[in-house]
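When reading the values below, keep in mind they use all heavy atoms of this one structure, side chains included, and skip hydrogens, waters and symmetry mates.
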Amino acid sequence: MTHSSQTPDAPTADGRPDDHRGLQYPCGAPPAPGEAREVAPGVLWLRMPLPFALNHINLWAIADEDAQGPGWAIVDTGTKTPEAMSAWRTLIAPEGPLAATPQGARVTRVFVTHMHPDHVGMAGWLTRKFQCRLWMTRLEYLTCRTLVADTGREAPDDAIRFYRQCGWSEAALDIYRARFGGFGKYVHALPDSFRRVTDGDVVRIGGHDWQVVGGRGHSPEHACLRCDALGVLVSGDQVLPRISSNVSVHPTEPDADPLGDWMASLAQLRERLSDDLLVLPAHGEPFRGLHARLDRLAAGHTKGLERLLRSLDEPRRAIDVFGALFARPIDSKGELLGMATGESLAHLNYLVAQGRARRFVGDDGALRYQRAG
């Protein structure tokens, strides 16, 4: 996503901060699917195609060793698609790029930063193929199992009520019903057991210690991995160089305040992490300038909240505030509607939680939000 030529206070093209000024990209162009490039001693950059508007994900292979000998610990896995499968088969082939390394083409274990399909989708396939363990936070693992279980279900009444209260039309609700339960089609069945990791854990991978650094807001219990000896941070979706991860309210927890979690998490990461780390993100390219990026992400959401609050002089539904947060038009029947609604609610709930806005039910049954006082 390219930087918008808006005024500094206006929404960017997708409504999220994408200004990456002050960052350096020392690792060059990304590898093609099925290729591997070393970005730190014993750390390989892999890239997989995605069948979405965001068309790629970065994965990381870390030199490891277990009772069976050397191999690779994999961080994140790509979606369950034929293209990702082909890329993985190329990587682990006897004549492939991993086999050509001293570690060989064996996978020792699989770490997953969080439960979204582009990160967890191939984890079940890899762990079964190599008879290795999935390492993941408990809440991400259990949430993923829950969402996969929705496959084939009809959209629940609570969800229809949720989006109707946001102001969705009956046509939009019909599209939602038709698409509901699609999460599982991009995810191989998860293993029935896993190894739990939690914030603050120190995990030995190969010859180095890696600390688990927790994040919140984008997903329930996101896990980054930091290695001070190598000077790198595998950031998953918690810190991206050009876009901000979606922070949304979902029908399962309509009163949640994920933006409050996100803003607090950004501040905690800035306090805990050194600015000289090489950041290995899930999307975009490895970069330096972590503190500048964290500051920019926080500032972008703060400006969005200010614009939103100014728009609430009159009562508004969630779908009425898109203009304050997103520069691009949001099609009432398109795929962006769900993400835009969730993100708008995250900002509205944040203002309500702070006492800066109030929420009430209108005569038509839809929720409305207005500046407090």
Side-chain angles (χ1 to χ4, degrees), residues 11 14-17 114-117 139-140 142-144 146-147 150 155-169 172-173 175-177 179-183 215-222 237-238 243-266 297-298 300-302 304-309 311-312 315-326 330 332 334-362 365-372:
D14 64 350
R16 303 180 194 142
H114 64 294
M115 54 83 184
H116 292 150
L139 196 51
E140 297 290 337
L142 294 177
T143 303
C144 187
T146 299
L147 291 173
D150 281 338
D157 291 341
D158 282 2
I160 299 302
R161 187 181 308 111
F162 172 85
Y163 287 116
R164 188 173 279 134
Q165 287 184 325
C166 293
W168 281 24
S169 68
L173 290 171
I175 293 171
Y176 174 76
R177 290 186 181 97
R179 291 177 174 165
F180 182 80
F183 182 96
R216 295 171 294 133
H218 174 62
S219 65
E221 195 184 0
H222 188 291
D237 279 352
Q238 200 68 27
I243 58 173
S244 174
S245 298
N246 181 265
V247 177
S248 281
V249 172
H250 302 287
T252 48
E253 195 179 352
D255 302 314
D257 181 18
L259 186 57
D261 290 339
W262 178 256
M263 297 292 276
S265 186
L266 293 179
L297 289 169
H301 282 292
T302 297
L305 287 163
E306 292 168 354
R307 290 192 304 270
L308 176 60
L309 194 59
S311 78
L312 297 181
R316 307 279 185 189
R317 301 168 300 175
I319 64 167
D320 298 329
V321 303
F322 292 165
L325 295 171
F326 310 105
I330 305 298
S332 63
E335 293 183 6
L336 285 177
L337 179 61
M339 293 180 67
T341 301
E343 193 141 354
S344 294
L345 281 171
H347 286 73
L348 290 164
N349 283 6
Y350 181 87
L351 292 175
V352 170
Q354 289 199 328
R356 299 165 68 189
R358 66 186 186 96
R359 178 180 64 186
F360 60 93
V361 180
L367 291 172
R368 282 172 170 77
Y369 301 80
Q370 189 171 15
R371 182 198 293 259

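Residues satisfying the side-chain contact (heavy atoms from CB on, under 4.5 Å) criterion with D261, sequence neighbours excluded, are R216. Judged as a side chain to side chain donor-acceptor pair (under 3.5 Å), and not counting sequence neighbours, S344 has no contacts. Taking Y350 as the reference, Q354 meet the side chain to side chain donor-acceptor pair (under 3.5 Å) condition, with sequence neighbours excluded. Applying the side-chain contact (heavy atoms from CB on, under 4.5 Å) rule to L142 yields the partners R138; only residues at least two apart in sequence or on another chain are considered. With sequence neighbours excluded, the residues that form a side chain to side chain donor-acceptor pair (under 3.5 Å) with H116 are H114, H218. When the side chain to side chain donor-acceptor pair (under 3.5 Å) test is applied to D157, no partner is found at least two apart in sequence or on another chain.
In this structure a side-chain-to-backbone donor-acceptor pair under 3.5 Å is present from R316 to S311. Without hydrogens or angle criteria, E140 side chain to M115 main chain gives a donor-acceptor distance under 3.5 Å. Without hydrogens or angle criteria, N349 side chain to A256 main chain gives a donor-acceptor distance under 3.5 Å. Panel note: side chain R177, backbone A155; no donor-acceptor pair is recorded below 3.5 Å.
For the atom pair CD of Q370 and CG of L348, the computed distance is 12.5 Å after rounding to the nearest 0.5 Å. Atom CG of L351 is separated from atom CG of L312 by 6.5 Å, given to the nearest 0.5 angstrom.
Between F183 and C144, the shortest heavy-atom contact is CE2-SG, 4.0 Å. Contact between G355 and A372 at its shortest, heavy atoms only, is O-CB, 3.4 Å. Heavy atoms only, all atoms of each residue included: L173 and Y163 are closest at CD2-CB, 3.7 Å. In plain terms, the two heavy atoms of T143 and L139 that are nearest each other are OG1-O, 2.6 Å. Taking each heavy atom of P254 and T252 in turn, the nearest pair found is CD-C, 3.7 Å. Nearest heavy-atom pair across S245 and W262 is CB-CH2, 4.1 Å.
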- With side-chain contact (heavy atoms from CB on, under 4.5 Å) as the test, would you mind laying out the steps for I175 and L337 before giving the verdict? CA-CA 11 Å; I175 293 171; L337 179 61; over 6 Å; no
Exercise for the section: List the steps, then state whether side-chain contact (heavy atoms from CB on, under 4.5 Å) holds for Y176 with I160. Expected result: CA-CA 8 Å; Y176 174 76; I160 299 302; 3.8 Å; yes
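Each of H347, R358, R359 was scored for a side chain to side chain contact (heavy atoms under 4.5 Å, CB included) with Y369, with one residue passing: R359.
Between L305 and L259, the closest side-chain pair of non-hydrogen atoms falls below 4.5 Å. In this structure, the side chains of L345 and C166 come closer than 4.5 Å at one or more pairs of heavy atoms. Put simply, the side chain of P251 does not reach to within 4.5 Å of the side chain of D158, judged on heavy atoms. Side-chain contact between L367 and F162 is absent, with no heavy atoms from C-beta onward closer than 4.5 Å.
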